[in-house]
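Right, one structure below, let's go through it.
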Amino acid sequence: KMCWPRDCRMRRMKHDVNLGRAVFWEIQNRLPRAVTSLEWDNSFVSVYSKDNPNLLFAMCGFEVRILPKIRTFQEEFSQREGVWKLQNESTKEMTAQAFLRVDDESMKKHENRVRQILMASGSTAFTKIANKWNSSLIGLMTYFREAVLHTGELLDLIVKCENKIQTRIKIGLNSKMPSRFPPVVFYTPKELGGLGMLSMGHILIPQSDLRHSTQTETGITHFRSGMSHEEDEMIPNLYRYIQTWESEFVDSQRVWAEYALKRQEAQAQNRRLTLEDLEDSWDRGIPRINTIFQKDRHTLAYDRGWRVRQDYKQYQTIRIMPFWWTHQRHDGKLWNLNNYRTDMIQALGGVEGILEHTLFKGTYFPTWEGLFWEKASGFEESMKFKKLTNAQRSGLNQIPNRRFVLWWSPTINRANVYIGFQVQLDLTGIF
């Protein structure tokens, strides 16, 4: 497992290597060839012995390194986020630590998904491109959570991908000048005419001393900036609005224990549980407490093996499923980004600050509350379902894009244009 520093990998002592090989051959011979076979080149055996304190393995996209407490002579106990404390269930003593990373295959998957979004975005509406990016990013972040922060390569990749998505939108407008596209254009929520993009790229990427970090776990020595721009606004980072898995697990135990007590109490008093009883734990726990109060909770109880089926769906549906691992009916909604939106609006200068970048002043609306962008105009809606040629259909796609450019034209149109030919910003009348 080359992703770990050298002293955290398996040390290839002769007796451990032999034991690993023996185990591999044993398992290989047990599996019927007709069903499956193991290849030595892409298999991995981790031996835990007197010379090897770490147990390494990969599972469901996570790279995990388990280090028992009794073997931590050279490493002190780590308190950072990407490390889970493993407890003995009966004594509650913390016996080991699990260090998490995201494995290479999952990173490749994310990168390919973003490349696919870019390839498929011929004459698509910009909001659609932003939506695809959002669901891909939420899918990645809500699944890996704290593991992302300790996988430097993935953070670099996310920064690169977010940049590419924005560049794709800029190219759609025939200009890549940074001063024409401040972050407010991309990250403003859709209700105010922006694209509502989620950001994970405006992040300080933790760096370790390059010489020593390949050899040993050095901890973070300095930070490197991810995406940046001329207007130094701090764009909020999606990661901070998603609870870590570890705190979710702890929270879940507490909430469900509380629920059991409250239910017992209610039964003793011969009354039903009300929403008031559960108000503070309604959106907590895994699965969320509110899932047991749905209409079809009785049928869902018989829905055995739903998670495996959910995973297997990728082989039958053509659509990409960023949330293959969860189901809203069974698990409840495992993330809540309302605060993210509020903070994003604040970071961009509040609603008034955002509208200063747009044509709002020219509309002479008394307040911004009547502005509602989500509804497409009646014309577009009625045209959608008619028989159209491909050219007409892609022409329809351009309507929201033109509306977007017109709305932000005061911003896109500002700044001294680079020297060169005067070009018109794609079909907008903006030069």
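Atoms CG and CE, on Leu140 and Met200 in that order, are 8.5 Å from each other to the nearest 0.5 Å. A distance of 9.5 Å separates CD1 of Ile169 from CG of Leu118, quoted to the nearest 0.5 Å. Residue Leu192 holds its CG atom at 5.5 Å from CG of Leu355, rounded to the nearest 0.5 Å. Separation of atoms NE2 (His298) and CD1 (Ile292) is listed at 11.0 Å; rounding is to 0.5 Å. Taken from CG in Leu137 to CZ in Arg113, the straight-line distance is 12.0 Å, to the nearest 0.5 Å.
In this view, Ser49 and Asp16, Val47, Asp51, Asn52 satisfy the side-chain contact (heavy atoms from CB on, under 4.5 Å) rule, not counting sequence neighbours. For Glu89, the side-chain contact (heavy atoms from CB on, under 4.5 Å) criterion is met by Lys92, Gln253, not counting sequence neighbours. Under the rule for a ring pair (Phe, Tyr, Trp, His ring centres under 6.0 Å), the partners of Tyr312 that lie at least two apart in sequence or sit in another chain are Tyr315. Considering only residues two or more places apart in sequence or on other chains, Gln310 meets the side-chain hydrogen bond (donor to acceptor under 3.5 Å, both in side chains) condition with none of them. Qualifying ring pair (Phe, Tyr, Trp, His ring centres under 6.0 Å) partners for Tyr241, counting only residues two or more places apart in sequence or in other chains: Tyr340. When the side-chain hydrogen bond (donor to acceptor under 3.5 Å, both in side chains) test is applied to Gln87, no partner is found at least two apart in sequence or on another chain. Applying the side-chain contact (heavy atoms from CB on, under 4.5 Å) criterion to Arg319, with sequence neighbours excluded, gives no partner residue. With sequence neighbours excluded, no residue forms a side-chain contact (heavy atoms from CB on, under 4.5 Å) with Val250.
For residues 299-309, the pairs satisfying side chain to side chain donor-acceptor pair (under 3.5 Å) are Asp303-Arg309, Asp303-His330, Trp306-His330, Arg307-Asp331, with sequence neighbours left out. Judged as a salt bridge (charged side-chain N to carboxylate O under 4.0 Å, His left out), the pairs with a partner in residues 334-355 (not counting sequence neighbours) are, in order, Glu191-Arg341.
The backbone N or O of Gln294 sits less than 3.5 Å from a side-chain atom of Arg297, completing a donor-acceptor pair. In this structure, the side chain of Glu248 does not engage the main chain of Gln243 through any donor-acceptor pair within 3.5 Å.
Annotation: side chain of Arg240 is not in contact with side chain of Asn339 (no heavy-atom distance under 4.5 Å). Taking 4.5 Å as the limit, some side-chain heavy atom of Trp84 sits within range of a side-chain heavy atom of Glu146. The side-chain heavy atoms of Thr188 and Trp407, taken from C-beta on, include no pair separated by under 4.5 Å. Looking at heavy atoms from C-beta onward, Trp324 lies out of side-chain contact with Gln314 at the 4.5 angstrom threshold. Arg329 has its side chain out of reach of Pro287: every pair of non-hydrogen atoms, C-beta onward, lies at least 4.5 Å apart.
Test Phe404, Trp133, Trp408, Tyr187 against Leu195 for side chain to side chain contact (heavy atoms under 4.5 Å, CB included) and you get one pass: Phe404.
Contact record, Leu198 with Asn134: N-OD1, 2.9 Å, taken as the closest heavy-atom pair. In this structure, Thr291 and Gly332 approach most closely via the heavy-atom pair CG2-N, 3.4 Å. Considering all non-hydrogen atoms of both residues, Leu100 and Ala147 come closest at CB-CB, 4.0 Å. The two residues Thr142 and Trp245 have their closest heavy-atom pair at O-CZ2, 3.2 Å. Across Leu359 and Leu406, no two heavy atoms sit closer than the pair CD1-O, 3.1 Å. Across every non-hydrogen atom of Trp4 and Val64, the tightest pair is CZ2-C, 3.9 Å.
Classification of Lys164 and Glu111 as a salt-bridged pair fails, no side-chain N sitting under 4.0 Å from a carboxylate O. Between Glu105 and Lys108, no side-chain nitrogen of the basic residue sits less than 4.0 Å from a carboxylate oxygen of the acidic one, so the salt-bridge criterion is not met.
Annotation: Tyr143 is in aromatic contact with Phe62 [ring centroid separation under 6.0 Å].
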What pairs of donor and acceptor atoms, side-chain ones from residues 257-270 against any protein atom, are under 3.5 angstrom apart with sequence neighbours left out?
unit_1, atom_1, unit_2, atom_2, d
Glu258, OE2, Arg254, NH1, 2.9
Lys262, NZ, Asp277, O, 2.8
Gln269, OE1, Arg271, NE, 2.8

Per-pair distances, 0.1 Å, donor-acceptor, side chain in residues 36-43, under 3.5 Å, sequence neighbours excluded:
unit_1, atom_1, unit_2, atom_2, d
Ser43, OG, Glu39, O, 2.4

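Side-chain atoms of Thr244 and Ser247 form a donor-acceptor pair, as typed in the model, at a separation below 3.5 Å.
The number of heavy atoms from other shown groups lying within 6.0 Å of CD (Gln316) is above 12.
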